[in-house]
Undergrad: 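Pasting in a structure now, in structure tokens, and then I'll have a few things to ask.
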Amino acid sequence: MSEPKGSFSPKTLFGLLPENDVWVRPYFNMYRKELLQALVLGVAMFAFAALLMFTSGYLISRCAERLDGGIFVVLTPVAFVQVFGLGKPILRYIERLVSHDWVFRMTSDLRLRLYGALESQAMKLKSTHRLGDFLGLIAEDIGHLQNLYLRTIFPIVIGWVLLLVVALFFGIFDLLFGLAILVVLLIVAVILPMLSVQFNAARIECEKARKNELYANLTDNLLGSTDWVFAGRGKDYIEQAKQESEVRHKQAAALNSYYRKNDLASMALLTLGAVIVFVWAGHHFGGSGLPRADWIAAFVLGFFPLIEAFMP
């Protein structure tokens with residue numbers, strides 16, 4: 001496996017990624033196949049989950065009715081339930097295997113290159129950065145890249161693909177109904193994440209700066225612990241550490257409070273989407289003639305697994 005070429009630059013890693021970044025962007029091309037496989041498997045897994053609940057809802061409601069054709073009427077839905085029920089965990093396992101494999105390979109290679117770069121320029125960087133800066137870089141920043149892909153990019157892209165698929169699927173039955181679902185899912189999958197970035201950017205930068213400062217103070221205080229002891233200021237050191245921890249906990253509490261409100265808004269919108277599906281299905285399949293409760297239950301239950309796709 002060839003590694004991306006380029007030399008270490010403190011500006012690249014300690015600041016924002018420049019346009020000619022050679023540390024992160026090249027891995028998108030290097031692992032393009034694995035990335036595409038992970039996204040396809042993720043979409044397929046949620047599709048199987050929705051189809052499992054769809055066929056289960058139909059099967060349960062159909063069995064509650066009088067089966068004029070005998071037990072053979074439900075053999076096909078039973079077969080689909082078995083296929084989707086077995087396929088969902090298998091697809092989830094393979095998706096996690098593929099996505100984690102390429103992310104861990106990428107971050108492992110990044111760490112090796114980072115260690116090599118730091119070693120070759122140790123004396124030069126020592127004059128411009130503190131030891132805590134490197135500790136925060138190695139312990140935090142590389143680890144955050146894993147979460148960036150696994151908990152942010154993957155769920156967002158999968159959610160956007162499912163959004164289009166679901167809207168098109170419902171639009172086939174009723175254009176106005178499909179547009180209503182599209183609006184609800186757009187708010188959950190696009191508008192709310194954009195608002196989160198807008199409102200929390202400053203908070204997240206402040207928390208990152210505070211955490212980096214904690215790493216720097218930790219290393220400085222540990223290396224200078226004998227000075228604290230000889231000066232008789234051990235209690236001052238403990239008090240300082242408590243104050244820094246309290247400030248960081250307050251920042252984290254503010255972020256968590258916003259995330260809880262954001263999750264509540266997302267759940268309210270997704271619940272509204274489920275209600276819209278229920279009202280439409282009840283009108284479409286139970287409005288005239290013989291009510292078909294089996295299809296009503298199928299559409300409503302089939303919508304609920306999508307909540308798992310859009311909430312992250």
Side-chain angles (χ1 to χ4, degrees), residues 27-28 31-64 71-108 143 145-170 172 181 184-185 188-189 193 259 263 266-267 269-271 273-274 277-278 281 293-312:
Y27 289 95
F28 282 103
Y31 297 111
R32 180 173 49 199
K33 181 179 178 182
E34 290 82 355
L35 176 62
L36 183 60
Q37 288 177 348
L39 295 176
V40 171
L41 288 169
V43 173
M45 187 273 294
F46 283 112
F48 268 56
L51 290 172
L52 173 62
M53 294 301 294
F54 183 91
T55 52
S56 298
Y58 176 87
L59 179 62
I60 293 171
S61 299
R62 192 77 177 98
C63 290
I71 194 66
F72 297 101
V73 175
V74 297
L75 287 182
T76 300
V78 168
F80 278 117
V81 168
Q82 292 176 335
V83 171
F84 296 136
L86 290 174
K88 176 190 172 183
I90 292 175
L91 287 173
R92 176 180 285 276
Y93 176 78
I94 298 176
E95 182 267 333
R96 293 293 174 88
L97 197 65
V98 172
S99 61
H100 284 68
D101 175 66
W102 89 267
V103 167
F104 289 153
R105 277 194 289 168
M106 181 195 72
T107 53
S108 296
L145 284 177
Q146 297 176 186
N147 291 332
L148 172 66
Y149 295 109
L150 296 176
R151 299 183 181 180
T152 303
I153 293 180
F154 284 168
I156 283 179
V157 175
I158 290 172
W160 287 350
V161 173
L162 287 173
L163 184 154
L164 296 176
V165 172
V166 171
L168 288 173
F169 175 76
F170 286 133
I172 294 175
I181 294 296
V184 171
L185 297 183
V188 174
Y259 292 148
D263 290 343
S266 299
M267 286 300 301
L269 287 168
L270 291 170
T271 302
V277 174
F278 177 74
D294 42 9
W295 289 109
I296 297 175
F299 275 88
V300 174
L301 290 179
F303 181 81
F304 281 101
L306 298 177
I307 295 177
E308 184 182 357
F310 291 111
M311 281 302 294

Undergrad: Mind checking whether L270 and L185 have side chains closer than 4.5 Å, heavy atoms only?
TA: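 Answer yes - side chains close enough.
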Undergrad: Out of curiosity, I153 CD1 to I158 CD1, how far, rounded to the nearest 0.5 Å?
TA: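 That separation rounds to 11.5 Å.
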Undergrad: Heavy atoms, side chains only, cut-off 4.5 Å: are V103 and Y31 in contact?
TA: no
Undergrad: When the ring planes of F299 and F170 are compared, do they come out parallel, tilted or perpendicular, using 30° and 60° as the limits?
TA: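 Geometry flag for F170 against F299: tilted rings.
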Undergrad: Less than 4.5 Å apart, side chain to side chain, heavy atoms only: is that true for Q37 and E95?
TA: no
Undergrad: Fit a plane to each ring of W295 and F54, take the angle between them on a 0 to 90° scale, and name the class: parallel (under 30°), tilted (30 to 60°) or perpendicular (over 60°).
TA: tilted
Undergrad: Calculate, to the nearest 0.5 Å, the distance between atoms CZ and CG belonging to F104 and L150 respectively.
TA: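 Between F104 CZ and L150 CG, I get 6.5 Å after rounding to 0.5 Å.
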Undergrad: Do W102 side-chain atoms and L35 backbone N/O form a donor-acceptor pair below 3.5 Å?
TA: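 Side chain of W102 to backbone of L35: no pair is present.
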Undergrad: Enumerate the salt bridge (Lys or Arg N to Asp or Glu O under 4.0 Å) contacts for residues 153-163, please, sequence neighbours excluded, ordered by first and then second residue.
TA: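 Residue pairs with at least one partner in residues 153-163: there are none.
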Undergrad: Using the ring-ring contact (aromatic ring centres under 6.0 Å, His included) criterion, which residues pair with Y93? Sequence neighbours excluded.
TA: none
Undergrad: Which pairs with one or both residues in residues 302-312 pass side chain to side chain donor-acceptor pair (under 3.5 Å), sequence neighbours excluded?
TA: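 Non-adjacent pairs meeting side chain to side chain donor-acceptor pair (under 3.5 Å): R92-E308.
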Undergrad: Would you name the heavy atoms of L52 and V81 that are closest together and state the gap between them?
TA: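 Where L52 meets V81 most closely, the heavy atoms are CD1-O, 3.6 Å.
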Undergrad: Looking at every heavy atom in both S61 and A297, which two are closest together, and how far apart are they?
TA: OG-CB, 3.2 Å
Undergrad: Any chance you could lay out the side chain to side chain contact (heavy atoms under 4.5 Å, CB included) test for F48 and I90, step after step, and finish with the verdict?
TA: CA-CA 10 Å; F48 268 56; I90 292 175; over 6 Å; no
Undergrad: Could you grab the distance from atom OG of S56 to atom CG of L301, nearest 0.5 Å is fine?
TA: 8.0 Å
Undergrad: Minimum heavy-atom separation for W160 to A189, with atom names?
TA: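 Heavy atoms of W160 and A189 come nearest at NE1-O, 3.0 Å.
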Undergrad: So, for F154 and S99, which heavy atoms are closest and what is the spacing to 0.1 Å?
TA: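 Smallest heavy-atom distance, with atoms named: CE1-CB, 3.2 Å.
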Undergrad: A side-chain contact here means heavy atoms from C-beta on lying under 4.5 Å apart; do L306 and F303 qualify?
TA: yes
Undergrad: A side-chain contact here means heavy atoms from C-beta on lying under 4.5 Å apart; do F310 and S266 qualify?
TA: no
Undergrad: Using a 4.5 Å cut-off on heavy atoms from C-beta on, say whether the side chain of M267 contacts that of I307.
TA: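 Yes, their side chains come closer than 4.5 Å.
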Undergrad: Under a 4.5 Å cut-off applied to non-hydrogen side-chain atoms, are V161 and L39 in contact?
TA: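 The answer is no; the side chains never approach within 4.5 Å.
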Undergrad: Roughly how far apart are I156 CD1 and L163 CG, rounded to 0.5 Å?
TA: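 Rounded to the nearest 0.5 Å, the CD1-CG separation comes out at 12.5 Å.
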Undergrad: So how far is it from E34 CD to M106 CE, rounded to the nearest 0.5 Å?
TA: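 Rounded to the nearest 0.5 Å, the CD-CE separation comes to 12.0 Å.
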Undergrad: Give, for atom CD of Q82 and atom OG1 of T55, the distance between the pair rounded to the nearest 0.5 Å.
TA: 10.5 Å
Undergrad: Would you please test L51 and F80 for side chain to side chain contact (heavy atoms under 4.5 Å, CB included) and show each step?
TA: CA-CA 9 Å; L51 290 172; F80 278 117; over 6 Å; no
